[in-house]
Amino acid sequence: MAYAASSTRPRSVTFRRPTRWICTSEPVQCHRCGMEWEHGDPALTLPCAGCGADAGEPCQRRSGGNETVCIKRDRAAEAAGLLRPCERLTWDGRHTKPLRLSGVPLPHMLPVLTGAPVSRVL
């Protein structure tokens, strides 16, 4: 019995075409408590145990929403002393610190999967 070439090869994992771009070293601010990080989200300096992203790269969840880091990455940053829990009353103590999204790629930016709109500059 002959099989088509595509059925004998293992499927490779591919992501959808990214719709936004980010810079992981841009300043970021918590939308809950107002805490700021001048050199980007400290959690991004660590590799992600949740999705496997390398240090300095955004999270790569297949479902998207990668303008924010995985919870495991935030918890690792707290354990390493890079982040402290958000001072606002939140159920999980996490900061809300999404990266700023761009609709066009620039040389210093990385692609991310997200359905969120491009960030507005005020």
Side-chain angles (χ1 to χ4, degrees):
M1 175 181 228
Y3 292 98
S6 62
S7 66
T8 59
R9 287 184 290 170
R11 284 182 57 188
S12 62
V13 176
T14 58
F15 293 107
R16 299 178 301 192
R17 183 175 171 192
T19 57
R20 306 286 183 260
W21 289 264
I22 60 160
C23 177
T24 57
S25 60
E26 281 186 346
V28 68
Q29 180 179 16
C30 176
H31 292 217
R32 292 178 180 164
C33 70
M35 184 176 283
E36 296 181 39
W37 296 273
E38 187 176 326
H39 302 290
D41 186 345
L44 291 171
T45 62
L46 302 172
C48 184
C51 67
D54 291 331
E57 292 184 1
C59 287
Q60 295 295 322
R61 295 180 294 274
R62 291 181 195 213
S63 59
N66 296 313
E67 66 276 9
T68 60
V69 300
C70 293
I71 190 167
K72 288 184 178 184
R73 201 176 220 178
D74 265 346
R75 296 295 183 230
E78 286 177 13
L82 299 173
L83 281 177
R84 64 176 190 241
C86 185
E87 296 176 358
R88 293 287 181 182
L89 292 175
T90 60
W91 69 271
D92 61 359
R94 291 178 71 199
H95 291 279
T96 302
K97 49 187 173 36
L99 297 168
R100 191 170 20 184
L101 298 166
S102 171
V104 295
L106 297 172
H108 65 283
M109 295 186 144
L110 301 168
V112 293
L113 297 172
T114 185
V118 172
S119 301
R120 289 186 270 170
V121 179
L122 301 176

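- Ser102 is listed as a side-chain neighbour of Met109, based on a closest heavy-atom distance under 4.5 Å.
- When each of Thr114, Leu44, Val112 is tested with Leu99 by the rule side chain to side chain contact (heavy atoms under 4.5 Å, CB included), just one qualifies, namely Leu44.
- The minimum heavy-atom distance between Trp21 and Gly103, with the atom names listed, is CZ3-O, 3.3 Å.
- Aromatic ring centres of His95 and Trp37: separated by under 6.0 Å.
- Within the model, atoms OG of Ser25 and CD of Glu38 stand 11.0 Å from one another, a figure rounded to the nearest 0.5 Å.
- The line from CE of Met35 to CD of Gln29 is 10.5 Å long, rounded to the nearest 0.5 Å.
- At least one side-chain heavy atom of Thr24 sits under 4.5 Å from a side-chain heavy atom of Leu110.
- At least one donor-acceptor pair under 3.5 Å links the side chain of Arg61 to the backbone N or O of Gly65.
- Scanning both residues, His108 and Cys23, for their nearest heavy atoms gives CD2-SG, 3.5 Å.
- For the pair Arg100 (side chain) and Glu26 (backbone), a donor-acceptor distance under 3.5 Å is absent.
- The pair Asp92-Arg32 meets the salt-bridge criterion, since a charged nitrogen lies less than 4.0 angstrom from a carboxylate oxygen.
- In terms of modelled atom types and a separation under 3.5 Å, the side chain of Asn66 and the main chain of Pro58 share no donor-acceptor contact.
- Rounding to the nearest 0.5 Å places CD1 of Ile71 at 8.5 Å from CD of Glu78.
- By the 4.0 Å N-to-carboxylate-O rule, Asp74 lies close enough to Lys97 to be salt-bridged with it.
- With contacts defined as side-chain heavy-atom distances shorter than 4.5 Å, the pair Arg73/Cys59 qualifies.
- When all heavy atoms of Val28 and Gly40 are compared, the pair lying nearest together is CG1-C, 3.7 Å.
- Annotation: side chain of Cys48 is not in contact with side chain of Glu57 (no heavy-atom distance under 4.5 Å).
- Looking at heavy atoms from C-beta onward, Cys86 lies in side-chain contact with Cys30 at the 4.5 angstrom threshold.
- Nearest approach of Pro42 to Leu83, heavy atoms of both residues: CG-CD2, 3.8 Å.
- Between Ala43 and Val69, the shortest heavy-atom contact is CB-CG2, 4.2 Å.
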